[in-house]
2 protein chains.
Amino acid sequence: MKPSSAAKAATLHDVARLAGVSLITASRALSKPELVSDKTIARVQEAVAQTGYLPNLMAGGLKSRRSQMVAGIIPALSVAQFLPTLQTLTETLAQSGYQLILGQTGYDVQREEALINTMISRRPDGLFMTGLVHAAAARERLQKAGIPVVESWDFSPQPVDMLVGFSHPAVGAAIADYFRRQGRQRVGIASANDPRALQRCAGFEARWGQPVPTALVPAPSGLARGREALSALLAQSPALEAVYCSSDQMAQGVLVEAQARGLRVPEDLALCGFGNAEFSAHMVPALTTVHVDGAGIGQRAAQMILQRCAGQPVTEPVQDMGFSIIERRSTERAAT
Amino acid sequence: MKPSSAAKAATLHDVARLAGVSLITASRALSKPELVSDKTIARVQEAVAQTGYLPNLMAGGLKSRRSQMVAGIIPALSVAQFLPTLQTLTETLAQSGYQLILGQTGYDVQREEALINTMISRRPDGLFMTGLVHAAAARERLQKAGIPVVESWDFSPQPVDMLVGFSHPAVGAAIADYFRRQGRQRVGIASANDPRALQRCAGFEARWGQPVPTALVPAPSGLARGREALSALLAQSPALEAVYCSSDQMAQGVLVEAQARGLRVPEDLALCGFGNAEFSAHMVPALTTVHVDGAGIGQRAAQMILQRCAGQPVTEPVQDMGFSIIERRSTERAAT
DNA sequence: CTGTTAGCGCATTCAT
DNA sequence: ATGAATGCGCTAACAG
């Protein structure tokens with residue numbers, strides 16, 4: 001018995017032989033024990049233990065047409081936004097025996113399309129997307145594949161299949177309304193240049209009603225980008241009173257840069273972020289931001305996929321999860 | 001032609017028939033074109049385009065015993081530490097046509113073991129672990145499975161197979177040395193309670209030579225935990241001069257709490273983090289921290305796995321990636 | 001260069 | 001409650 005890879009893994013055949021039963025009985029003992037006598041089950045179990053048998057899900061899946069895998073497509077793992085969603089999705093799926101296969105598009109529509117094809121080749125039982133499916137060919141492919149598809153973190157009246165998300169233009173508009181309600185005049189935007197962040201910018205500007213000084217930085221946005229962005233904004237508009245930032249991470253950078261320039265937040269400059277990151281409530285000043293239930297998105301998406309895999313209909317295939325502005329110190333008005 | 005899932009996906013058989021060639025010729029035209037005439041390839045390609053054929057990798061993998069998948073096991077997606085590693089790993093593997101299947105252990109050894117079994121059932125061509133494989137049974141299983149395994153972000157003289165990481169006790173010791181060299185007297189530790197962070201604490205304290213006030217918080221550590229930790233530390237040791245934090249995120253929290261208490265960093269309190277996050281260089285003050293090449297770990301791990309999948313030997317199966325202390329403003333000595 | 005034959009490991013029919 | 005045959009879709013061997 002060499003420790004090398006020589007020894008082929010035990011198959012169900014080996015288990016059946018050792019247990020003195022037929023192949024199919026061994027199979028049933030493991031996956032449908034209610035159809036097999038307790039004595040037989042015990043014998044099979046022991047044979048499994050002795051041989052160290054682990055089922056080959058590829059073989060089982062080939063026949064049963066269920067791979068027990070779900071494809072997950074994201075722009076990039078480094079986008080902190082999506083982490084709670086992915087974490088919950090992975091966990092919820094795992095509880096039902098499904099694993100996630102991960103793919104990253106890098107915000108590139110061509111890579112997204114290629115990735116979707118690659119994923120379909122693995123015959124996943126479902127597919128999860130952050131964002132919408134952009135390529136028309138991919139949409140068609142997915143529809144033809146006939147598996148449950150959940151698009152997320154965005155909104156569309158005509159999703160490929162199911163959707164759990166919210167409207168980014170509405171977020172932008174809500175922040176514009178909020179700043180206006182506070183009586184702010186000279187507002188600016190510090191945003192990443194990814195499609196969803198740009199939708200928020202557009203929503204903000206449309207509601208604001210006039211051009212808004214905007215500094216765009218490459219996605220994914222972080223603290224360093226926030227510092228750059230505020231510098232760029234102040235160059236355009238020195239008397240800035242309030243800034244909407246496309247992520248809380250970026251807002252941290254705007255805060256640091258403001259402090260480095262001797263600007264007080266919120267007295268001289270008000271800040272609103274997006275995402276309600278774990279740290280935002282604990283910054284000084286605490287950060288006003290837009291809360292989105294990322295973990296909830298992941299859980300609902302997983303439930304929808306699992307439900308459909310179980311053959312049940314999904315009652316509400318398009319869910320707007322909404323959002324809410326969390327007011328904190330960083331946009332407090334001076335008590336004049 | 002209903003748009004529903006009724007229409008079964010085209011198989012290679014359909015493609016072959018349409019192209020007027022045999023099954024295996026169609027197969028070769030797609031996967032080993034150098035063995036097939038250009039004319040035939042063109043005919044097959046067209047049949048593929050017409051049918052919308054996408055290969056079934058489960059079926060191919062069953063026969064060829066290569067699934068083109070790599071299992072990736074991490075504690076939790078929310079641990080920012082590992083993101084660059086995972087991102088690079090996923091990308092590098094994808095370039096060679098491999099996809100990553102993700103599993104999360106939640107730092108639980110039992111879940112880790114169960115997950116490894118589940119993963120083996122999918123017959124991945126390789127397995128990547130953040131950390132070491134803890135359960136003895138799992139180590140054995142992996143060795144018997146005969147696939148390339150890379151453990152990472154830690155060090156062990158006897159890995160299951162291959163390893164790319166570094167020594168956490170050595171990190172702790174290096175920071176202790178650094179503080180001592182600076183002439184700091186009253187030092188403290190603010191650390192998460194995960195196994196690797198605890199190793200760094202132990203290394204620090206051993207090198208320091210006497211008990212070090214320590215505040216432990218649950219992993220994963222973030223800004224909020226850092227604030228808590230500094231409060232706890234100051235309660236124990238009011239005259240604290242320097243703190244080592246087990247992550248840069250946590251160091252941010254310690255900084256915020258220090259500032260909230262009117263302590264100046266570095267004049268009143270020096271700070272050293274761990275991880276060299278993207279933001280650390282841009283904080284005010286910029287954060288001294290320990291740099292670890294997380295992306296490099298992911299890339300090397302991917303290369304090792306790919307090399308072994310290609311049947312080539314890996315010349316250096318155990319790689320210590322080392323680490324380095326990046327000195328920045330947060331530990332600067334006053335120019336007395 | 002192309003085709004024929006024979007499985008990969010398992011689960012779904014049917015039968016008993 | 002158990003078993004025998006059949007095939008999921010594809011590729012590794014060998015032949016031609």
Side-chain angles (χ1 to χ4, degrees), chain A residues 5 7-44 47-48 51-69 97 120-125 145-146 311, chain B residues 5 7-44 47-48 51-69 97 120-125 145-146 311:
Chain A
S5 61
K8 276 211 286 192
T11 74
L12 192 54
H13 189 85
D14 301 328
V15 172
R17 227 164 15 104
L18 192 64
V21 297
S22 79
L23 189 65
I24 183 60
T25 302
S27 170
R28 281 199 278 251
L30 297 176
S31 48
K32 295 176 182 170
E34 68 276 12
L35 296 180
V36 177
S37 76
D38 291 358
K39 217 178 62 184
T40 309
I41 292 179
R43 286 231 305 278
V44 171
V48 166
T51 54
Y53 169 76
L54 284 176
N56 183 332
L57 260 43
M58 299 187 79
L62 185 58
K63 183 68 191 172
S64 66
R65 299 175 166 291
R66 292 185 304 103
S67 61
Q68 304 273 99
M69 298 192 299
I120 292 180
S121 282
R122 303 207 175 276
R123 302 297 187 265
D125 295 336
Chain B
S5 60
K8 275 211 285 193
T11 73
L12 193 52
H13 189 85
D14 301 327
V15 172
R17 227 164 16 104
L18 192 64
V21 296
S22 78
L23 190 64
I24 186 63
T25 302
S27 169
R28 283 199 277 249
L30 297 175
S31 48
K32 296 178 182 173
E34 68 276 12
L35 296 180
V36 177
S37 76
D38 290 358
K39 217 178 64 185
T40 309
I41 292 179
R43 287 230 305 278
V44 172
V48 166
T51 54
Y53 169 74
L54 284 177
N56 183 332
L57 261 41
M58 300 188 78
L62 185 57
K63 181 68 191 171
S64 66
R65 299 173 166 291
R66 291 183 306 102
S67 60
Q68 303 274 98
M69 298 193 299
I120 292 180
S121 282
R122 302 206 176 275
R123 303 296 188 263
D125 294 336

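Only a predicted model underlies this, so the values are computations on that prediction, with no experimental measurement involved. Throughout, protein chains are lettered first and strands after them, A, B, ... in sequence-line order, and every chain is numbered starting at 1.
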Do the side chains of [Y] and [X] get nearer than 4.5 Å, heavy atoms only?
X        : Y       : value
B:Leu30  : B:Leu12 : yes
A:Arg123 : B:Leu57 : no
B:Glu34  : B:Lys32 : yes

Problem set entry | Qualifying side-chain hydrogen bond (donor to acceptor under 3.5 Å, both in side chains) pairs with a residue from residues 18-31 of chain B, counting only residues at least two apart or across chains | B:Ser22-B:Thr25

Exercise. Quantified as the angle between the terminal helix axes (five pairs each), what is the overall bend of the helix from C:dC1-D:dG16 to C:dT16-D:dA1 to 10 degrees?
Worked result: 30°

Dump the pairs, protein N or O against N or O of nucleotides 8-11 of chain C, anything under 3.5 Å, distances to one decimal.
residue: C:dC8; atom: O3'; partner: B:Arg65; partner atom: NH2; Å: 3.0
residue: C:dC8; atom: O2; partner: B:Lys63; partner atom: N; Å: 3.3
residue: C:dG9; atom: OP1; partner: B:Arg65; partner atom: NH2; Å: 2.5
residue: C:dG9; atom: N2; partner: A:Ala59; partner atom: O; Å: 3.2
residue: C:dC10; atom: OP1; partner: A:Tyr53; partner atom: OH; Å: 2.5
residue: C:dC10; atom: OP1; partner: A:Asn56; partner atom: N; Å: 3.3
residue: C:dC10; atom: OP2; partner: A:Leu12; partner atom: N; Å: 2.4
residue: C:dA11; atom: OP2; partner: A:Ser27; partner atom: OG; Å: 2.6

For this session: Give me the first and last nucleotide of DNA chain D, going 5' to 3', that has any atom under 4.0 Å from a heavy atom of chain A.
Result: D:dA1 to D:dG9

Which residues share a side-chain contact (heavy atoms from CB on, under 4.5 Å) with [X], sequence neighbours left out:
X       : value
B:Arg66 : B:Ser64, B:Gln68, B:Tyr98, B:Asp125
B:Thr51 : B:Ala10, B:Val15, B:Leu18, B:Tyr53
A:Arg17 : A:His13, A:Asp14
B:Met69 : A:Met69, A:Arg122, B:Ser67, B:Ile101, B:Arg122

Exercise. How many angstroms lie between atom OG1 of A:Thr11 and atom CG of A:Leu23, to the nearest 0.5 angstrom?
Worked result: 7.5 Å

Problem set entry | Contact summary for B:Ile120 and A:Leu54, nearest pair of heavy atoms | CG2-CD1, 3.6 Å

